[in-house]
Amino acid sequence: EEFQILPNKYFYKRKGGWYYRSNNSNYTEYRKHAGIYLKQDCIEDYIRTHGDVMPIPIDIEEHNNMIQKEIDSLKEKLINE
């Protein structure tokens, strides 16, 4: 498949506009809540589902920036006495 030539190691999985959460459980519309999967796992799901589950390559720097913003946002909600 064409995904095997992608240099990316990490992927999101997407089906019908929804991202899979971690451990293939449930769905989310937000990348920041999506699970992170290895390429081989995504390729196997793509083949098994006849293309219904699409591997979405992860740009690591972009992903980490997105997650760091989420962490910073959550820090603002800490209660410090």
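Counting from 1, the numbers follow the sequence of the chain as shown.
The side chain to side chain contact (heavy atoms under 4.5 Å, CB included) check on S22 picks up nothing, with sequence neighbours excluded.
A donor-acceptor contact closer than 3.5 angstrom links the side chains of H63 and Y12. No side-chain donor-acceptor contact under 3.5 Å links Q68 and N64.
Here OH of Y30 is found 8.5 Å from CH2 of W18. Values are rounded to the nearest 0.5 Å. A distance of 10.0 Å separates CG in D59 from CE in M66, rounded to the nearest 0.5 Å. Atom CZ of R31 sits about 9.0 Å away from atom CD1 of I67, to the nearest 0.5 Å. We find the CZ-OH distance between R14 and Y46 to be 15.0 Å, quoted to the nearest 0.5 Å. The distance from the NZ atom of K39 to the CD1 atom of I58 is 12.5 Å, given to the nearest 0.5 Å.
A salt bridge does not link E70 to K75: none of the charged nitrogens lies less than 4.0 Å from a carboxylate oxygen. By the 4.0 Å N-to-carboxylate-O rule, D45 lies too far from K15 to be salt-bridged with it.
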Salt bridge (charged side-chain N to carboxylate O under 4.0 Å, His left out) between D72 and K69, intermediate numbers included:
CA-CA 5 Å; D72 293 344; K69 285 179 186 176; over 6 Å; no
Candidate pair K13 and M54, rule side-chain contact (heavy atoms from CB on, under 4.5 Å), full reasoning:
CA-CA 6 Å; K13 290 182 188 179; M54 293 295 299; over 6 Å; no
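Heavy atoms from other residues, nucleotides or ligands lying under 6.0 Å from CD1 of I79 number 12 at most. With a 6.0 Å radius and a threshold of 12 heavy atoms from other residues, nucleotides or ligands, I60 has its CD1 atom at or below the threshold.
Put simply, the side chain of N65 gets close to the backbone of E61: a donor and an acceptor are under 3.5 Å apart.
Taking both residues in full, the closest heavy atoms of Y19 and A34 are given as CB-CB, 3.6 Å, listed atom of the first, atom of the second, then distance.
Cluster membership check: L38 shares its hydrophobic cluster with I36, using side-chain heavy-atom separations under 4.5 Å among Ile, Leu, Val, Met, Phe, Trp and Tyr.
Between Y10 and Y37, the distance separating the two ring centers is not shorter than 6.0 angstrom.
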